[in-house]
Amino acid sequence: MPPLPTRPPPAPGVRRIHSIIDLWLGEQLRRRRQALGLPLQQVARACGISVSLLSQLERGLRSISMRTLGALAQELRLPIETLVRNTRYSEGEAEGAVARAGTHRRIDLGDKGIHKENLTPPAASGGVQMYRAVIDPGGSTGDDLFLTHKGEQVGYVIEGQLDLFVQERLLKLKAGDSFCYGGDMSRRWRNPGQTSTTILWAITCSPG
């Protein structure tokens, strides 16, 4: 029986990030130290740790103990409560910057076989809108060309296929294809396949 494949060892000098939280916390400590103009050696000596350890902590290569975190917070004049709180994953909406699954506004055009979700979080500035559209087999915007507003629209076909008519051109798209056109270009589109088509759309809003 042939031996099982083994994972190759990391290249010399390459260190793995310990965790995303360690990476984020280390970045905050490094930025604060640099903002105060403090060298690594001074901060490490004041906190009773080695320069090598402090360097690894700042790069997210080691997890930090609460004792060391407390010493660093005191030396860098940062509230330890803030650092600890900010290392916890947020389950809320982050003041509108996050829109959780199941809360997106739906636009159902059942007569056309088109079902849309507005994925844009409430706190977005309005410069870009993100939509997910599911088009039933045979679903379409109709036989007439239409246009909306100035700006740009970029789409990505997640699954299925799409016939996109833009002015005099017919674009046949399939899963993995992306496309773009101006919002003021006359167009129409349809799903010519036997299965649903899912499109992710990013739409810029013109400044007036």
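In this structure the side chain of M66 reaches within 4.5 angstrom of the side chain of I80, judged on heavy atoms. Between M130 and L200, some side-chain heavy-atom pair lies under the 4.5 Å cut-off. In this structure the side chain of L72 reaches within 4.5 angstrom of the side chain of L54, judged on heavy atoms. Side-chain contact between L78 and Q28: absent, with no pair of heavy atoms (C-beta onward) separated by less than 4.5 Å. You'll find the side chain of C180 reaches within 4.5 Å of the side chain of E152, heavy atoms only. Residues L29 and I64 have side chains in contact (heavy-atom distance under 4.5 Å, counting atoms from C-beta outward).
Within 6.0 Å of CD on Q41 lie more than 12 heavy atoms contributed by other residues, nucleotides or ligands. Counting non-hydrogen atoms of other residues, nucleotides and ligands closer than 6.0 Å to CG of D143 gives a total of 12 or fewer. Residue R132 places its CZ atom among 12 or fewer non-hydrogen atoms of other residues, nucleotides or ligands, all under 6.0 Å distant.
Minimum interatomic distance between R190 and P192 (heavy atoms only, all atoms of both residues): O-CD, 3.4 Å. When all heavy atoms of G37 and P39 are compared, the closest pair comes out as O-CD, 3.8 Å. Closest approach of A99 and P121 over heavy atoms only: CB-CA, 4.0 Å. Across all their heavy atoms, C47 and E75 have their closest contact at SG-CB, 3.9 Å. Looking at every heavy atom in both residues, D22 comes nearest to S63 through OD2-OG, 2.8 Å. Closest approach of A133 and K116 over heavy atoms only: CB-CG, 4.1 Å.
At distances below 3.5 Å, at least one donor-acceptor pair connects side-chain atoms of N191 with backbone N or O atoms of D136. Panel note: side chain T68, backbone S65; no donor-acceptor pair is recorded below 3.5 Å.
One distance of note links OG1 of T120 with CD of Q129; it measures 4.0 Å at 0.5 Å rounding. The CD atom of E58 lies 10.5 Å from the CG atom of L25; values are rounded to the nearest 0.5 Å. Expressed to the nearest 0.5 Å, how far CG of L162 lies from NZ of K174 amounts to 12.5 Å. Atom CG of residue L38 and atom CZ of residue R77 lie 7.0 Å apart, to the nearest 0.5 angstrom. Considering CD1 of I199 and CD1 of I135, their distance stands at 5.0 Å, rounded to 0.5 Å. Going from atom CG of L147 over to atom CE of M185 covers 11.0 Å, rounded to the nearest 0.5 Å.
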Only distances under 3.5 Å count here; give the side-chain donor-acceptor pairs of residues 164-173 to other protein atoms, sequence neighbours excluded, each with its distance to 0.1 Å.
residue: K172; atom: NZ; partner: D163; partner atom: OD1; Å: 2.9
residue: K172; atom: NZ; partner: D163; partner atom: OD2; Å: 3.4

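Using a 30° and 60° split on the angle between ring planes, W201 and W189 fall in the tilted class, from 30° to 60°.
Defined by atom type and a distance below 3.5 Å, a donor-acceptor pair is present between the side-chain atoms of T198 and E159. Of the N and O atoms on the side chains of N118 and H104, not one donor lies less than 3.5 Å from an acceptor on the other residue.
Looking at residues two or more places apart in sequence or on another chain, you find a salt bridge (charged side-chain N to carboxylate O under 4.0 Å, His left out) between E27 and R30, R31.
Tracing side-chain contacts under 4.5 Å through hydrophobic residues (I, L, V, M, F, W, Y), one reaches V51 starting from I49; they form part of the same cluster. In the hydrophobic clustering of ILVMFWY residues, with side-chain heavy atoms under 4.5 Å counting as a link, L145 and L109 come out apart. I203 is not connected to Y156 by any chain of hydrophobic side-chain contacts under 4.5 Å among Ile, Leu, Val, Met, Phe, Trp and Tyr, and they are in different clusters.
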